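Taking it in order: structure first as structure tokens, then the write-up.
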Amino acid sequence: LPKLDSIPATAKAAGQFNTLLAAVNAAGLADVLSGPGPFTVFAPTDEAFAALPAGTVESLLKPENKQQLIDILKYHVISGRVYDTDAVKAGSAQTLLGRSIDASLSAGGLKINDSSVVAKNIDASNGVVHVVDAVLIPTSMSRQKVMSTLTSAIDQGTPIFNAGQHGQCCEIYMKTMESISSAGIKGADDHTMTMVSQTLTNARNTHDMTERAWVLRRGIDALYTRVSKMNN
């Protein structure tokens, strides 16, 4: 079998990811993406970067905007070697940024959020690359929106739980935390988003619906307290 190159080397050889590679180098992520991984990268082409509003790329490459650039690049990477069929089965996946991206099938093929996958399952020595036609930009939910969303979930879930419908309560709580995980929280640190992710993982690993509801509720309460303190 031919020897495979690392993800950055594979992208360089393709010749259509010059902007992406410049961004990876500016963000200091080249060594990470050349490491053992494995990683799955949704790689925007040069044309995808060129389609961003004028001046966006130049602004992101400035040293003072390095963290924003890092966040955007991490939003294009997930852990593991995930092929297109695996992505569709999963429906969503958590990126290295800690926020989720959605995978779906449309008439035109695989979509990641609103971008289309134009080439898929490109193997590298330390992962797999899927080529996308648009840059994935992470959005953030305002802290006020997060608090109102959590309050609404509690108001809906509590009477349902008290009525003995623990599975339905879990569904409400789970969807709420998943939506926050996917959207992200404006101004939140990594610990906050990790807490959201860990709550979801613990809940999925808890098969008793009563206990799962409590796992989610404790996570919701902890998140509410943390976000309310961020507002002060």
Side-chain angles (χ1 to χ4, degrees), residues 1-46 48-49 60 66-106 109-138 178 181-184 190-191 193-205:
L1 292 176
K3 181 181 178 181
L4 297 174
D5 290 325
S6 67
I7 289 172
T10 299
K12 183 177 181 180
Q16 58 178 330
F17 303 105
N18 296 319
T19 307
L20 175 61
L21 290 170
V24 167
N25 287 326
L29 295 176
D31 287 343
V32 174
L33 292 179
S34 297
F39 302 108
T40 297
V41 175
F42 298 96
T45 61
D46 291 335
F49 277 102
L60 288 172
K66 182 176 180 179
Q67 188 56 54
Q68 184 182 3
L69 179 63
I70 290 172
D71 289 349
I72 290 174
L73 293 174
K74 283 185 174 181
Y75 193 57
H76 290 75
V77 184
I78 60 178
S79 295
R81 191 183 289 268
V82 181
Y83 294 99
D84 61 325
T85 53
D86 302 319
V88 172
K89 287 179 182 178
S92 65
Q94 183 171 301
T95 66
L96 295 190
L97 182 59
R99 303 182 195 175
S100 298
I101 52 175
D102 297 322
S104 61
L105 277 178
S106 68
L110 177 63
K111 293 186 72 69
I112 302 298
N113 289 355
D114 294 326
S115 70
S116 296
V117 174
V118 295
K120 59 189 180 182
N121 302 336
I122 302 169
D123 276 314
S125 62
N126 62 335
V128 61
V129 177
H130 305 285
V131 182
V132 292
D133 66 352
V135 178
L136 308 176
I137 303 296
E178 286 176 341
S181 175
S182 178
D190 289 342
H191 178 73
M193 297 312 301
T194 298
M195 184 175 68
V196 174
S197 176
Q198 191 60 56
T199 295
L200 288 168
T201 299
N202 292 343
R204 292 180 183 123
N205 291 333

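Numbers here simply count residues along the sequence, with the first being 1. Computation of the quantities below employed the complete heavy-atom set of this structure, encompassing side-chain atoms and omitting hydrogens, waters and symmetry-equivalent molecules. These numbers were taken from a predicted model, which means no experiment stands behind them.
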Next item on the list: Enter the distance from Asp102:CG to Asp114:CG here, rounded to the nearest 0.5 Å.
Entry: 9.0 Å
Checklist line | Test side chain to side chain contact (heavy atoms under 4.5 Å, CB included) applied to Lys74 and Thr95, step by step | finding: CA-CA 7 Å; Lys74 283 185 174 181; Thr95 66; 5.7 Å; no
Under 3.5 Å, side-chain donor or acceptor atoms of residues 23-38 against the rest of the protein: list the pairs with distances, not counting sequence neighbours.
unit_1, atom_1, unit_2, atom_2, d
Asn25, ND2, Leu21, O, 3.1
Ser34, OG, Ala30, O, 2.9

Checklist line | Minimal non-hydrogen separation, Val82 against Ala87, with atom names | finding: CG1-N, 3.8 Å
Checklist line | Partners meeting side chain to side chain donor-acceptor pair (under 3.5 Å) with Thr45 (sequence neighbours left out) | finding: Glu47
Checklist line | Nearest non-hydrogen partners of Leu136 and Ile112, listed with the distance | finding: CD2-O, 3.7 Å
Note to self: Looking at every heavy atom in both Ile72 and Ile137, which two are closest together, and how far apart are they?
What the structure shows: CD1-CD1, 4.2 Å
Margin query: With ring-ring contact (aromatic ring centres under 6.0 Å, His included) as the rule and sequence neighbours excluded, what pairs involving residues 17-45 come up?
Written below: Phe42-His130
Next item on the list: Find out whether Glu178 and Ser100 are in side-chain contact, i.e. whether some heavy atom of one side chain is under 4.5 Å from a heavy atom of the other.
Entry: no
Check: Listed by chain and number, what are the side chain to side chain contact (heavy atoms under 4.5 Å, CB included) partners of Ala119, not counting sequence neighbours?
Finding: Ile122, Val131
Notebook entry, point to check: Is the closest side-chain heavy-atom distance between Leu73 and Leu20 below 4.5 Å?
Noted result: yes
Notebook entry, point to check: Any chance CG of Asn205 has more than 12 other-residue heavy atoms, nucleotides or ligands included, within less than 6.0 Å?
Noted result: yes
Checklist line | With sequence neighbours excluded, residues passing side chain to side chain donor-acceptor pair (under 3.5 Å) with Ser104 | finding: none
Note to self: Tell me every residue that passes side chain to side chain contact (heavy atoms under 4.5 Å, CB included) with Thr199, counting only those two or more places apart in sequence or in another chain.
What the structure shows: Met177, Leu216
Next item on the list: Tell me, please, which residues at least two apart from Thr19 pass side chain to side chain donor-acceptor pair (under 3.5 Å).
Entry: Asp46
Note to self: Testing the basics here: between Ala103 and Leu110, what is the closest heavy-atom pair and its distance to 0.1 Å?
What the structure shows: CB-CD1, 4.3 Å
Check: Minimum heavy-atom separation for Ala93 to Ile78, with atom names?
Finding: CB-CD1, 4.0 Å
Item checked: Minimal non-hydrogen separation, Leu200 against Ser181, with atom names -> CD1-CB, 3.8 Å
Notebook entry, point to check: Excluding sequence neighbours, so at least two apart, what forms side chain to side chain contact (heavy atoms under 4.5 Å, CB included) with Ser125?
Noted result: Leu4, Ser6
Item checked: Contacts of type side chain to side chain donor-acceptor pair (under 3.5 Å), residue Asn113, not counting sequence neighbours -> Tyr75
Next item on the list: For residues 123-132, pull every pair meeting salt bridge (charged side-chain N to carboxylate O under 4.0 Å, His left out), keeping only residues two or more places apart or in separate chains.
Entry: Arg81-Asp123
Next item on the list: Can you run down the salt bridge (charged side-chain N to carboxylate O under 4.0 Å, His left out) pairs that involve residues 82-96, sequence neighbours left out, and say none if there aren't any?
Entry: Asp84-Lys120
